[in-house]
Each structure stands twice: as structure tokens, then as C-alpha cells.
Amino acid sequence: MGHTATAQAGSGGLTATEHRLANGLRVVLSEDHLTPVAAVCLWYDVGSRHEVKGRTGLAHLFEHLMFQGSAQVKGNGHFELVQGAGGSLNGTTSFERTNYFETMPAHQLELALWLEADRMGSLLSALDEESMENQRDVVKNERRQRYDNVPYGTAFERLTALSYPEGHPYHHTPIGSMADLDAATLEDARAFFRTYYAPNNAVISVVGDIDPQQTLAWIEKYFGSIPSHDGKQPPRDGTLPDIIGEELREEIREEVPARALMAAYRLPHDGTREADAADLALTVLGGGESSRLHNRLVRRDRTAVAAGFGLLRLSGAPSLGWLDVKTSAGVEVPDIERAVDEELARFAAEGPTPEEMERAQAQLEREWLDRLGTVAGRADELCRYAVLFGDPQLALTAVQRVLDITAEEVQAAAEARLRPDNRAVLVYEPTHAADAADDTTTAAGETATREGADK
């Protein structure tokens with residue numbers, strides 16, 4: 001099937017056509033002849049929300065295994081071929097998807113398509129114990145370097161575990177636990193691939209200096225013979241009440257540079273008008289140096305060295321508003337928390353000023369245009385809207401939806417959601433600041449740390 005490439009109102013003249021192969025692979029193409037490059041983006045509808053207890057981290061581990069060779073491309077050949085042709089590539093894993101992407105000189109587009117098809121269709125023939133052990137160690141080292149051995153590194157994991165209850169599909173993060181990574185077997189990985197790495201569970205987008213007919217012919221040639229697979233189970237329901245109903249709190253004593261207040265607020269699902277309103281509220285409150293929290297805490301009171309507030313958009317569960325404040329030397333966290341709550345209460349009562357609305361909408365508009373303005377960014381957004389919301393065309397009108405939000409909607413989002421009974425809170429206390437504490441206090445801090453790490 002296909003859609004004509006007619007620019008929609010609010011799309012800024014950007015167009016995309018949609019097609020579907022007989023095996024279920026969805027294809028989205030968008031011409032852009034500004035520069036002689038082409039971006040290929042492939043999204044698989046699988047992320048950490050699809051994992052089960054005892055096997056967390058498989059989605060992320062498999063992202064790494066996809067770069068370990070396939071039937072026609074051995075070892076590190078995927079990287080070598082793409083980079084040797086002048087391109088760039090990578091892959092990422094989130095709660096809700098796994099994606100792989102290349103940006104190539106336009107005349108090398110066929111190579112990128114062949115490589116992606118080869119590993120979608122034949123990775124199992126190259127997957128063995130050696131590659132499994134190699135990438136298991138890589139992922140465990142990544143966890144150490146990005147989570148376990150850096151200041152505040154486990155904050156994301158801890159706040160996620162607090163925000164989503166035990167057993168919820170978003171309770172654990174994509175990195176997985178060390179124990180589960182150790183427990184994963186080669187057969188686990190093979191079963192995972194058979195279930196999720198099928199064409200009917202994927203969307204491929206190609207954006208840039210392309211001939212759509214030739215591109216679609218290549219996709220049909222290389223992907224068309226890969227069989228579909230019907231064994232996938234839908235992700236577990238991520239529905240939760242709009243409000244947590246109480247404040248959840250954990251104190252961490254670790255060797256960190258400064259005291260910190262971090263919090264996650266339960267916010268509307270991505271893809272809704274309410275989520276866009278919440279995004280604008282967080283931008284006014286904590287999006288950059290012109291925001292209310294930065295002006296209050298960093299510039300005026302000088303009680304913090306950094307203060308930010310941003311939105312983690314999620315479609316299968318409530319999104320999260322992430323607050324992150326690092327205190328100035330000698331400042332106690334309760335002082336910061338009182339100031340934050342004052343600003344949130346004032347904003348909920350009064351809403352944004354016209355100047356703040358204009359600035360926040362311009363900021364989000366610029367961020368969206370930055371993504372849509374590059375072939376790689378547009379390819380990723382087209383896949384995102386196809387996988388998560390069923391319609392890639394929504395990516396081309398996202399900017400206009402943000403600009404249509406009113407100040408009243410922004411105020412309503414803040415009043416309904418940015419409340420003390422709708423947040424999970426982490427308080428970081430440096431261990432060096434507690435050296436003079438008695439043994440009882442120290443032991444309590446250590447216990448809190450262990451309990452947080454077990455979540």
C-alpha cells in the first residue's frame with residue numbers, strides 16, 4: 001500500500017509516503033534532496049517493558065548482539081562496512097523500543113538496507129556462545145561505567161523503581177540487573193530474536209536524497225523474503241492512576257560531589273494533548289537558564305548550582321517529569337525542597353505569563369525542528385510515531401500541536417500533577433558530610449543505600 005506525498009497542514013512542507021510489504025514490514029519514505037545523504041532507521045517494537053522478571057536487560061543485550069555479525073557479515077563487519085563507506089551508525093534501547101540507524105552518502109543507501117536485512121533475516125546463524133559472552137561482558141561494563149561507578153549514576157534506576165510499583169512493566173530500566181545479565185542463556189537470546197526481530201514487528205524509514213521507487217524496490221528485494229512471526233505477546237498493561245496518592249521518598253548516602261534533590265512526577269501519557277501541556281509547564285519551570293527554578297535557586301537564592309525539570313515521554317505508561325537540583329556548598333536539601341514547592345504552587349495558582357508561554361513554545365518548537373531538520377532525526381521520529389502511535393504522519397505535525405496549547409491548559413496540567421502527593425523523591429547526602437555522625441546514623445544510611453539498590 002502507499003500514500004501520496006502531499007504535505008499536510010502544519011508539516012512545514014515535509015512529506016512522507018507509507019508502504020507495507022507482504023510479510024508485514026512497514027516502510028516510510030521521505031525525500032529530502034538538500035544534501036546528498038540518506039538516513040535509514042529501523043525500529044523494533046520491543047523494549048524493556050516486554051521483559052519478564054528474572055530476565056531483565058535482554059532487550060539491551062540483544063541490541064549489542066545485533067552488531068556481532070550475521071550470515072553474510074562476520075564479527076565487526078557491520079561497523080567496518082558502514083564506516084568504510086563514509087557512513088555512521090548505532091543502536092539504542094528504551095522502555096518501549098529498540099532502534100538501529102545509519103546515515104550514509106546517498107549512493108551507499110543500498111549497502112545500509114542490505115546490512116539491516118541480513119541481520120534481521122539471518123542473525124541466528126551467527127549467534128553463538130562466544131558472541132553472547134563477549135556482549136554480556138560489554139553490557140555489564142556499560143552498567144558499571146554509566147550506573148554503578150559514577151556519582152548519582154543509579155538515580156534513574158531508583159526513581160523508576162519508586163515511581164512504578166513492583167511488577168509493573170516499567171519498574172525496571174533497560175540496562176537490566178547484573179544477576180539477570182549473568183542468568184541470560186544463549187537459548188534465551190535466540191527465543192528473544194525469534195519473537196521480536198520479525199518484519200511484522202518492525203518499521204523502517206528512509207529519509208534523504210533518495211529515489212522512492214528505487215528505495216522501495218531495494219527494500220522489497222532484501223527484506224521481502226524474511227518470514228513474519230506471530231508468537232509475540234503484547235506488553236503487560238502499564239495503566240496506573242493519574243496520581244500516585246502519596247509522596248514516596250528514599251535517602252541515599254554516597255560519595256557524591258554535592259547534596260541533591262531529585263524527583264519524578266507522574267504525568268500524562270505521550271501522544272496526548274495533556275502531555276504537550278505538561279512539557280510546556282516543565283519547560284517554563286526548569287527548561288534552561290531562563291526558567292523559574294534556575295532563576296530562583298541558582299541566580300537569586302544561590303542555593304543551587306544547577307536546577308532542571310524535564311519530561312520523559314512514555315506511551316505505554318504515565319510519563320515522568322524529572323526534577324534535578326544540585327545544592328550549593330553548605331545548603332540543606334529541605335531548604336531547596338521548600339523553595340521548589342513554593343515555585344510549583346505559585347505556578348499552579350497563576351499559570352505562565354504570556355512571555356513565558358511564548359518562550360517555552362519557541363524552545364520546544366526549536367527542539368522539534370532540530371530533530372525534523374536532519375535526515376537522521378526525521379527518520380527516527382517517523383519510526384517513533386509509526387511504532388508507538390500507528391501513524392508516522394503525526395511526526396510532521398508535532399510542532400503545530402505544541403503551538404496550539406493554551407496557557408490555561410499548561411496551568412491545569414501543573415495544578416493537577418505537580419503536587420507533593422504525586423512524586424517519588426531521592427535525597428542524596430554525601431558520605432563525607434556525615435563523617436562526624438554516630439555509628440547508628442551511618443548504619444541507617446548504608447541500609448537505605450542497599451535497599452535502594454535492591455529495587
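Computed over heavy atoms, backbone and side chain alike; hydrogens, waters and symmetry mates excluded. Remember, predicted model here, so these are calculated numbers, not experimental data.
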Look only at the side chain of [X] and the backbone of [Y], and say whether a donor-acceptor pair between them is shorter than 3.5 Å.
X      : Y      : result
Ser122 : Arg119 : no
Arg26  : Ala386 : yes
Thr160 : Glu157 : no

- Residue among Glu96, His269, Arg384 satisfying side-chain hydrogen bond (donor to acceptor under 3.5 Å, both in side chains) with Ser315: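 It is Glu96, the one option of Glu96, His269, Arg384 that forms the side-chain hydrogen bond (donor to acceptor under 3.5 Å, both in side chains) with Ser315.
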- Query: Do Leu162 and Leu426 come within less than 4.5 Å of each other through their side chains, counting heavy atoms only?
  - Reply: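 They are in contact (side-chain heavy atoms under 4.5 Å apart), so the answer is yes.
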- Query: Does Arg143 make a cation-pi contact with Tyr147 (under 6.0 Å, within 45 degrees of the axis)?
  - Reply: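 Yes, a cation-pi geometry holds between Arg143 and Tyr147.
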Is [Y] paired with [X] through a side-chain N to carboxylate O contact shorter than 4.0 Å?
X      : Y      : value
Asp230 : Lys232 : no
Asp188 : Arg55  : yes
Arg378 : Asp32  : yes
Glu274 : Arg417 : no
Arg136 : Asp182 : no
Glu254 : Arg158 : yes

- Tyr265-Trp322 aromatic ring centre distance below 6.0 Å: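 That pair fails the under 6.0 Å test.
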- Message: As a quick check of understanding, evaluate side chain to side chain donor-acceptor pair (under 3.5 Å) for His19 and Thr17, giving each step before the final call.
- Response: CA-CA 7 Å; His19 315 268; Thr17 58; 3.2 Å; yes
- Item | Among Phe192, Tyr197, Tyr196, Phe62, the one residue meeting ring-ring contact (aromatic ring centres under 6.0 Å, His included) with Tyr44 |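 Result: among Phe192, Tyr197, Tyr196, Phe62, Tyr197 is the only option passing the ring-ring contact (aromatic ring centres under 6.0 Å, His included) with Tyr44.
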- Who pairs with Ser319 by side-chain hydrogen bond (donor to acceptor under 3.5 Å, both in side chains), at least two apart in sequence or on another chain?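 Partners of Ser319 under the side-chain hydrogen bond (donor to acceptor under 3.5 Å, both in side chains) test: none.
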